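One structure below.
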Number of protein chains: 2
Amino acid sequence: MVKRVRGSTTGRPIMALLDLLGRRWTLRIVWELREAPRRFRELQDMTGASPTIVNTRLAELREAKLVELDEATGYRLTALGNELLRLFLPLHAWSEKWAKATA
Amino acid sequence: MVKRVRGSTTGRPIMALLDLLGRRWTLRIVWELREAPRRFRELQDMTGASPTIVNTRLAELREAKLVELDEATGYRLTALGNELLRLFLPLHAWSEKWAKATA
DNA sequence: TCCGGTTGCTACGGAATATGTAGCAAGCCG
DNA sequence: CGGCTTGCTACATATTCCGTAGCAACCGGA
């Protein structure tokens with residue numbers, strides 16, 4: 001059972017990726033893992049999301065091989081996940097500019 | 001009135017941005033506007049989303065000054081929206097790699 | 001052995017959000 | 001006038017999310 005990715009039946013990876021990341025809390029969770037591994041409850045507290053959804057998103061991210069659970073330290077980005085995060089880092093600086101422009 | 005962004009009360013722009021983009025169809029819509037302006041129904045057909053949600057997302061993106069409506073040609077990215085898209089372009093190449101790794 | 005704490009994770013009922021179909025009013029072209 | 005496209009909306013249904021509570025497994029004392 002291929003856990004079909006919502007809406008994207010084209011088979012184009014970019015669509016699957018945009019769909020995966022375009023789910024509530026997914027981007028945020030990846031972001032919160034940028035510096036250090038985090039425990040389940042840490043992620044819950046940092047994001048404010050319900051445990052149900054934290055768990056669901058972590059499961060999706062694990063299946064996508066972007067996140068993994070190291071029992072000793074907590075959830076962390078995989079090598080692949082780190083690459084993805086690096087692509088997103090410029091967003092931080094840009095968001096400041098964007099905030100000024102929309103204020 | 002700053003149309004508070006869901007869950008993110010920190011006032012940090014990055015959180016607001018991650019939250020805005022982490023809504024169903026938002027990333028996808030921005031992506032579909034990468035090459036040319038698109039009409040309302042074009043976006044509907046390209047994404048497969050319902051008109052209700054297309055309209056909602058477009059309204060949000062317009063308020064965020066990332067998208068604007070040119071009545072002659074359709075919805076298009078603003079200068080700001082184009083900057084954001086440019087940050088996302090590397091995702092396309094990366095997604096191919098990712099697809100292979102998860103296959 | 002039992003206690004308190006942490007771990008990841010799940011059940012469940014109610015609230016919020018998305019979907020799908022239909023259709024509106026305004027504009028344009030003939 | 002008719003027929004087409006435009007952006008957009010109503011409304012009932014289906015899906016998803018939230019918030020609270022709590023589970024079983026583990027660990028470190030006492």
Side-chain angles (χ1 to χ4, degrees), chain A residues 1-10 15-16 18-30 32-33 36-78 81, chain B residues 3-9 15-16 18-33 36-78 81:
Chain A
M1 201 265 275
V2 180
K3 190 68 100 74
R4 228 184 24 74
V5 195
R6 202 179 47 198
S8 51
T9 45
T10 59
M15 297 306 168
L18 290 179
D19 183 52
L20 175 65
L21 300 179
R23 291 177 195 176
R24 224 177 220 174
W25 302 117
T26 306
L27 276 174
R28 177 70 182 270
I29 287 175
V30 172
E32 298 297 359
L33 293 177
R38 302 291 181 190
R39 291 294 181 185
F40 191 94
R41 278 182 175 70
E42 276 185 290
L43 288 172
Q44 232 183 282
D45 296 342
M46 294 172 94
T47 60
S50 72
T52 318
I53 224 53
V54 171
N55 186 40
T56 305
R57 292 297 175 259
L58 284 174
E60 291 165 357
L61 285 168
R62 285 207 270 182
E63 192 177 352
K65 300 207 192 306
L66 298 178
V67 166
E68 64 192 356
L69 173 58
D70 174 18
E71 302 197 354
T73 58
Y75 285 99
R76 68 181 173 199
L77 296 175
T78 62
Chain B
K3 184 65 96 80
R4 229 185 25 73
V5 197
R6 202 180 46 199
S8 52
T9 45
M15 297 306 170
L18 289 180
D19 183 52
L20 174 65
L21 300 179
R23 292 177 194 174
R24 225 176 218 174
W25 302 118
T26 307
L27 275 174
R28 177 70 183 269
I29 287 175
V30 170
W31 182 259
E32 296 298 358
L33 293 177
R38 301 292 179 188
R39 290 295 180 183
F40 190 95
R41 277 182 176 70
E42 275 186 290
L43 288 172
Q44 231 182 284
D45 296 343
M46 295 171 93
T47 60
S50 71
T52 318
I53 225 54
V54 171
N55 186 40
T56 304
R57 292 298 174 259
L58 283 174
E60 291 166 358
L61 285 169
R62 285 208 270 181
E63 192 177 352
K65 300 208 191 304
L66 298 178
V67 166
E68 64 192 354
L69 173 56
D70 173 17
E71 301 195 356
T73 59
Y75 285 97
R76 68 181 173 199
L77 296 175
T78 63

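Chain naming here is simple, since letters A, B, ... match the order of the sequence lines and numbering starts at 1 in each. In this text, all values refer to a predicted model and were calculated from it rather than measured experimentally.
If you find the closest nucleotide of DNA chain C to B/Ala49 and to A/Arg38, the one lying nearer the 5' end belongs to A/Arg38.
Side-chain atoms of B/Pro51 lie closest to C/dA22 of the nucleotides C/dA22, C/dA18, D/dC17. Residue A/Ile53 places its side chain closer to D/dC18 than to any other of D/dG7, C/dT19, D/dC18. Here the side chain of B/Trp25 is nearest to one of C/dA18, D/dC17, D/dG7, namely C/dA18. Residue A/Ser50 has its side chain nearest to D/dC18 when only D/dC18, C/dT19, C/dC24 are considered.
Here C/dT10 presents its P atom at 13 Å from CD of A/Gln44, a figure rounded to the nearest Å. Regarding A/Asp70, its CG atom lies at a distance of 14 Å from the C1' atom of C/dG8, rounded to whole Å. The nearest whole Å value for the distance from the CD atom in B/Glu71 to the P atom in D/dT5 is 18 Å. Rounded to whole angstrom, the span from the CZ atom of B/Phe40 across to the C1' atom of C/dA26 amounts to 15 Å. Between the CD1 atom of B/Ile29 and the P atom of D/dG7 there is a distance of 13 Å, given to the nearest Å. With rounding to whole Å, B/Arg57 atom CZ is found 18 Å from D/dG7 atom C1'. The distance from atom CG of B/Leu58 to atom P of D/dT6 is 14 Å, rounded to the nearest whole Å. One interatomic measurement links the two molecules: CZ of B/Arg39 to C1' of C/dC28, which rounds to 12 Å at whole-angstrom precision.
One finds no side-chain N or O of A/Asn55 lying less than 4.0 angstrom from the OP1 or OP2 phosphate oxygen of C/dG8. Between C/dA18 and B/Arg23, no contact under 4.0 Å exists linking OP1 or OP2 to a side-chain N or O. Not one side-chain nitrogen or oxygen of A/Arg24 sits closer than 4.0 Å to the OP1 or OP2 atom of C/dA16.
Remark: B/Thr52 pairs with no residue by the side chain to side chain donor-acceptor pair (under 3.5 Å) rule, at least two apart or across chains. Residues forming a salt bridge (charged side-chain N to carboxylate O under 4.0 Å, His left out) with A/Arg41 (at least two apart in sequence, or on another chain): none.
The main-chain N or O of A/Arg24 is found under 3.5 Å from a side-chain atom of A/Arg57 such that the two form a donor-acceptor pair.
For B/Arg41 against D/dG7, a side-chain N or O and a base N or O form a donor-acceptor pair under 3.5 Å.
Residue-level contact check: A/Thr52 touches the bases, meaning some heavy atom is under 4.0 Å from a base atom.
Taking the side chain as every heavy atom from C-beta outward, A/Met46 and A/Arg38 approach each other to under 4.5 Å. Taking the side chain as every heavy atom from C-beta outward, B/Glu60 and B/Leu20 approach each other to under 4.5 Å.
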